[in-house]
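The chains referred to below are lettered A, B, ... by the order of the sequence lines, with proteins before strands, and numbering in each begins at 1.
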Amino acid sequence: MNDTAAPSPTAAPRHDFAVAEPRWQAEWERRGCFAVPDVPDGSRPKYYVLEMFPYPSGKIHMGHVRNYTLGDVVARYKRARGFLVMHPMGWDAFGLPAENAARERGIHPAKWTYENIATMRAELKRMGLSLDWAREFATCDVAYYGQQQALFLDFLAAGLVERKESWVNWDPVDQTVLANEQVIDGRGWRSGAPVEKKKLSQWFFRITRYAQELLDGLATLDRWPERVKTMQANWIGRSEGARVRFRLTEPLGELREVEVFTTRPDTLFGMSFLAVAAEHPLAAAAAARDPKAAAFVAECRRMGTSEAAIEQAEKRGYDTGLRVAHPFVEGATFPVWIANFVLMEYGTGAIFGCPAHDQRDLEFARKYGLPVRPVVLPPGADPKTFAIGDAAYVDDGTIFNSGFMDGLGVAAARRAAIERLEATGQGRGEINWRLRDWGVSRQRYWGCPIPVIHCESCGIVPVPKDQLPVALPEDVDFSKPGNPLDHHPSWKHVPCPRCGRPARRETDTFDTFVDSSWYYARFCSPRAKVPVTRAAVDAWLPVDQYIGGIEHAILHLLYSRFFARAMKATGHLAVEEPFAGLFTQGMVTHESYRAADGRWLYPDEVEITVAPDGSRQAIEKATRAPVTIGRVEAMSKSKRNTVDPGAIIERYGADTARWFILSDNPPERDMEWTEAGVAGAFRFTQRLHRLTTAALPALPPPGTPVPATADGPARALRRATHRAIAAVTEALESFAFNVAVARIHELANAIAEAETAGAHADAGLAAARREALEALARLIGPMMPHLAEELWSLLRPGEARLVAELPWPEADPALLKAETVTLAVQVLGRLRATIEVPAGADEATVFALAEAQENVQRALGGKPIRKRIHVPGRVVNLVV
RNA sequence: GCCCGCCUGGCGGAAUGGCAGACGCAGCGGACUUAAAAUCCGCAGCCCACAGGGCGUGGGGGUUCGAGUCCCCCGGCGGGCACCA
């Protein structure tokens with residue numbers, strides 16, 4: 001950190017945040033300003049503000065500061081607008097990092113997690129957030145995950161859970177399942193061994209059952225960003241098409257046909273091959289009798305399970321030598337390939353290839369010399385000469401070379417093809433979803449145990465509810481690879497609840513997305529001995545404003561929407577959509593710094609100097625050696641471009657940190673944390689304090705009305721005050737916090753101007769100054785809550801209510817109306833002059849005045865005016 | 001690769017299809033000070049033949065009396081891609 005940015009003493013009494021901030025935090029707590037009951041009495045409308053709860057990684061980071069500041073502004077603003085606001089906080093506390101800490105540093109995951117929570121809770125408290133801390137919980141509290149197990153049992157009984165096989169990334173050296181992020185270039189991050197795909201029996205939530213409802217529900221979410229809804233709709237991926245059965249020309253073992261899902265049955269006559277995924281039963285059967293096929297399948301298995309890895313890999317295939325018959329063309333047969341770009345999870349795991357009208361099929365066909373036969377003719381193309389080059393033709397056109405479909409458009413041909421498939425028993429129309437069931441099994445210790453027991457006689461037996469919670473054992477050994485729960489000496493050995501014979505506990509734990517899929521509901525009755533109490537969730541849900549990172553746009557939000565539906569189906573909730581309003585914030589970024597030897601340096605290890613030409617140089621403080629200033633990117637520990645919020649709050653106070661984070665840019669965009677920006681925000685807090693204290697001796701007593709006759713500077717200041725109230729209100733309502741900040745700057749400027757004018761102060765101006773300063777203190781309340789209380793207590797000593805308890809100020813409409821307006825005068829859309837007219841001036845007057853302008857006359861050049869456009873209050877445009 | 005965004009002065013940004021650059025940061029000039037810091041006042045998109053004019057919202061095209069804003073194409077940057085949270 002740059003020393004020149006340090007606060008330095010001034011002559012005037014300064015706002016001492018280090019004293020004031022803890023004092024006001026204690027006062028809010030003493031008065032219980034932010035506590036709300038589980039079941040409110042209904043005297044005020046409820047408002048539920050929730051920010052995505054943090055993973056307790058160690059310390060809070062700037063992303064948290066931004067997230068929780070945004071939420072706190074909403075919470076405080078809505079409270080002032082008369083709502084009963086619930087604003088809770090908790091911890092998303094299960095997950096891999098705790099296990100990594102255990103393996104790498106020998107700290108027990110629970111100890112590591114709860115210590116981190118204690119640190120981060122203290123940091124959040126220093127931010128002055130208006131939270132109801134009585135509702136706090138961590139998902140690793142047995143009181144939470146025990147209730148999660150109860151929910152699971154309800155879902156299981158309701159048929160919303162099933163067990164099936166799926167593929168995982170397997171590290172053959174560490175003998176463990178790897179997360180996608182642990183697979184780097186196809187190798188395990190710790191062992192470096194090539195990763196293989198392995199099939200495991202796992203638990204799944206049947207989210208696909210709600211595919212249509214989750215899609216339809218998006219239309220009701222009018223306070224969600226469009227792009228999030230688009231992403232979810234694409235993810236759910238409804239597609240209408242056909243399932244087509246292709247008969248193998250000769251059976252392969254028990255296999256006699258291959259089923260394909262296609263959205264383009266209209267292009268069936270353009271078929272040139274059939275391809276199956278490497279995990280497809282046919283590929284397995286082919287591999288069993290053909291070593292080369294087996295080798296190809298094995299190679300595909302080394303690719304990892306992520307869709308990105310599969311789709312970015314070079315398209316490769318293996319011709320099995322098998323052939324299938326065409327459903328419409330008697331005697332025509334096509335080769336069956338195994339292809340690495342066919343996804344087993346989507347459709348039937350098999351496709352028919354029509355290279356002329358699908359880009360991926362085309363690339364595959366070109367690579368392996370397969371025929372390319374166009375069957376859709378673009379409008380205006382000549383059927384005799386039309387040929388496909390490098391690009392498949394995927395748009396609409398007229399079907400040709402296609403027997404009974406010839407001459408139809410694409411849509412009609414689809415219907416005709418499906419009709420024929422159904423008539424001949426070779427297929428049917430089908431709706432297919434991209435959405436897959438949600439696999440929730442994880443072979444890990446630090447998660448919620450899945451409450452089932454495997455019995456050799458009874459099969460899978462749910463743990464009876466009266467035996468919940470299934471608590472994690474504390475004595476676990478992380479020295480061996482694999483799941484510590486699985487090799488714990490005693491934990492998994494239990495009698496079968498049904499037959500009493502020795503049985504085994506499920507040793508898989510839940511995906512941590514399960515934990516975060518219902519925490520919003522648990523906050524309504526956080527100490528209940530059931531997952532949720534109906535009275536509480538019925539009163540508080542849905543969340544009115546949910547705030548978090550765009551990176552959760554799909555999975556977390558979709559899973560939460562599923563959970564709300566599943567909880568409704570099992571009688572826990574009445575709502576289907578858990579989040580009525582959603583706001584997605586941008587990331588916090590910072591420059592990165594790199595020493596000549598390649599070391600990344602933290603911002604406070606670097607000293608920046610600005611040359612006269614504006615260019616910036618950096619040196620390392622410790623060595624005085626030059627440092628390369630890198631690009632601005634997301635704060636990350638690896639690049640060391642992080643700034644510790646604790647240090648910032650220590651140095652500048654929470655209000656400054658909050659103000660800077662709000663003022664820098666629109667909250668949905670990435671913001672750049674800069675030392676200069678924080679220092680500027682700090683100076684502004686001092687300026688507001690100075691403006692207030694300097695004015696105090698000149699102000700009339702609290703409650704003195706502004707004389708109605710006030711004019712001149714007094715009237716100008718009153719207008720500025722009321723314009724600011726209106727503008728800040730509008731900005732806060734629309735999440736334009738940076739604009740709210742700008743409007744508050746303008747009000748401060750207006751107050752300072754009035755102070756200068758106040759050399760000949762009259763009673764009117766003095767009263768207007770009080771009005772302005774009081775409004776200012778209250779308008780900053782949601783953003784800089786401590787300073788707001790401080791200024792308010794200076795202006796209104798002895799006042800019973802805190803800013804946190806006051807209603808929001810109201811703008812006087814009479815003071816908002818403009819008396820005159822400035823109009824732009826354009827000639828042919830180009831600005832030539834501006835004119836000042838009374839607010840309600842009629843068009844004739846406006847045009848006459850506009851055309852009389854010397855500059856306008858010159859621009860008109862004597863040509864006749866063909867058209868006059870007048871947008872009242874805005875612009876006049878003269879067309880010649 | 002696929003899906004979704006974003007791009008405006010030196011920088012962050014503002015702007016119901018209607019005066020582009022509000023407000024702030026950095027900068028420059030001045031006042032105050034023994035001096036510095038702090039504070040206060042002022043200047044400031046770029047260019048030119050400077051009472052004026054031209055060019056300007058990533059690049060190219062279009063719609064419109066009028067486009068940062070709407071449409072099409074291209075480029076760059078970012079988020080997600082199902083076991084990171």
How long is the line joining CD of A/Gln359 and P of B/C2, in whole Å? 9 Å
Mind calculating the distance between CZ (A/Arg687) and P (B/C23) to the nearest angstrom? 12 Å
Quick one, give me the B/S/- string for nucleotides 46-55 of chain B, reading 5' to 3', where B means a protein heavy atom under 4.0 Å from the base and S means that only happens at the primed atoms, P, OP1 or OP2. ------SSSS
Protein-proximity profile, nucleotides 76-81 of chain B, B/S/- by nucleotide at the 4.0 Å heavy-atom cutoff, equals -SSBSB
Pairing of RNA chain B as dot-bracket, 5' to 3': ( ) intra-strand, [ ] crossing, | other strand, . unpaired, with Watson-Crick or G-U pairs under 3.5 Å? (((((((..(((.....[....))).(((((.......))))).((((...))))..(((((..]....))))))))))))....
B/G58 to B/G76 separation - P atoms, rounded to the nearest Å: 16 Å
Separation of the P atoms in B/G24 and B/G1, to the nearest angstrom: 44 Å
Respond yes when some side-chain nitrogen or oxygen of A/Arg743 is under 4.0 Å from OP1 or OP2 of B/G13, and no when none is. no
For A/Glu314, the side-chain hydrogen bond (donor to acceptor under 3.5 Å, both in side chains) test, sequence neighbours excluded, returns A/Lys367
Those residues that, when tested against A/Asn234, pass side-chain hydrogen bond (donor to acceptor under 3.5 Å, both in side chains) (two or more places apart): none
Could you please spell out the steps behind the ring-ring contact (aromatic ring centres under 6.0 Å, His included) verdict for A/Phe94 and A/Tyr145? CA-CA 10 Å; A/Phe94 276 136; A/Tyr145 72 75; 5.4 Å; yes
Does NZ or CZ of A/Lys315 come closer than 6.0 Å to the centre of the six-membered ring of A/Phe364, within 45° of the ring's axis? no
Any pair with a residue in residues 549-558 of chain A that passes salt bridge (Lys or Arg N to Asp or Glu O under 4.0 Å), sequence neighbours left out, goes on the list, sorted by first then second residue, please. none
